[in-house]
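Take a look at the structure below.
Any value given below was found using the heavy atoms of this structure, including those in side chains, with hydrogens, waters and symmetry copies removed.
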Amino acid sequence: MAVKLTEQTNGPHIFMRLRLDSGRVEEIDAYITEKGWHYVTSADRTPEVRLRIIAAFHALH
C-alpha cells in the first residue's frame, strides 16, 4: 500500500508526494477541470509508473 508523505491543496489544484509499494518516492500535481482530472506526475515518461502514481493518489486522497 502506498503512503502519503505530504499533501497541499489550493483550490482545484492538489499536490501530493507519496511513497509507492516499491519504495519509490513520487510526486503528483492533480488539477480538477471542467473536463475532469488532469495529472502531471514525476514519472510522466514511464506510463506504468504514472498509472500507479495516479491510482495511489486516488486511494490516498
What pairs meet the salt bridge (Lys or Arg N to Asp or Glu O under 4.0 Å) rule with one or both residues in residues 46-61, with sequence neighbours excluded?
-> Asp44-Arg50
For residues 7-16, the salt bridge (Lys or Arg N to Asp or Glu O under 4.0 Å) pairs (sequence neighbours left out) are Lys4-Glu7
Taking every non-hydrogen atom, the tightest pair across Leu20 and Ala2 = CA-CB, 4.4 Å
Side chain to side chain contact (heavy atoms under 4.5 Å, CB included) between Phe57 and Ile14: does it pass, once the steps are laid out?
-> CA-CA 10 Å; Phe57 167 78; Ile14 302 166; 3.7 Å; yes
One should read off an interatomic distance between Ile54 CD1 and Trp37 CH2, to the nearest 0.5 angstrom, of 11.0 Å
Would you check if Asn10 and Phe15 make a side-chain contact, meaning some heavy-atom pair closer than 4.5 Å?
-> no
Tell me, please, which residues at least two apart from Leu51 pass side chain to side chain contact (heavy atoms under 4.5 Å, CB included).
-> none
Donor-acceptor pairs under 3.5 angstrom involving side-chain atoms of residues 25-33: please list them, not counting sequence neighbours.
{"residue": "Glu26", "atom": "OE1", "partner": "Ser42", "partner atom": "OG", "Å": "2.4"}
{"residue": "Glu26", "atom": "OE2", "partner": "Arg24", "partner atom": "NE", "Å": "2.7"}
{"residue": "Glu26", "atom": "OE2", "partner": "Arg24", "partner atom": "NH2", "Å": "2.7"}
{"residue": "Glu27", "atom": "OE2", "partner": "Arg17", "partner atom": "NE", "Å": "2.9"}
{"residue": "Glu27", "atom": "OE2", "partner": "Arg17", "partner atom": "NH2", "Å": "2.5"}
{"residue": "Asp29", "atom": "OD1", "partner": "His13", "partner atom": "NE2", "Å": "2.7"}
{"residue": "Thr33", "atom": "OG1", "partner": "Lys35", "partner atom": "N", "Å": "3.2"}
{"residue": "Thr33", "atom": "OG1", "partner": "Gly36", "partner atom": "N", "Å": "3.3"}
{"residue": "Thr33", "atom": "OG1", "partner": "Gly36", "partner atom": "O", "Å": "2.7"}

Co-members of the apolar cluster containing Met1 [side chain, <4.5 Å] = none
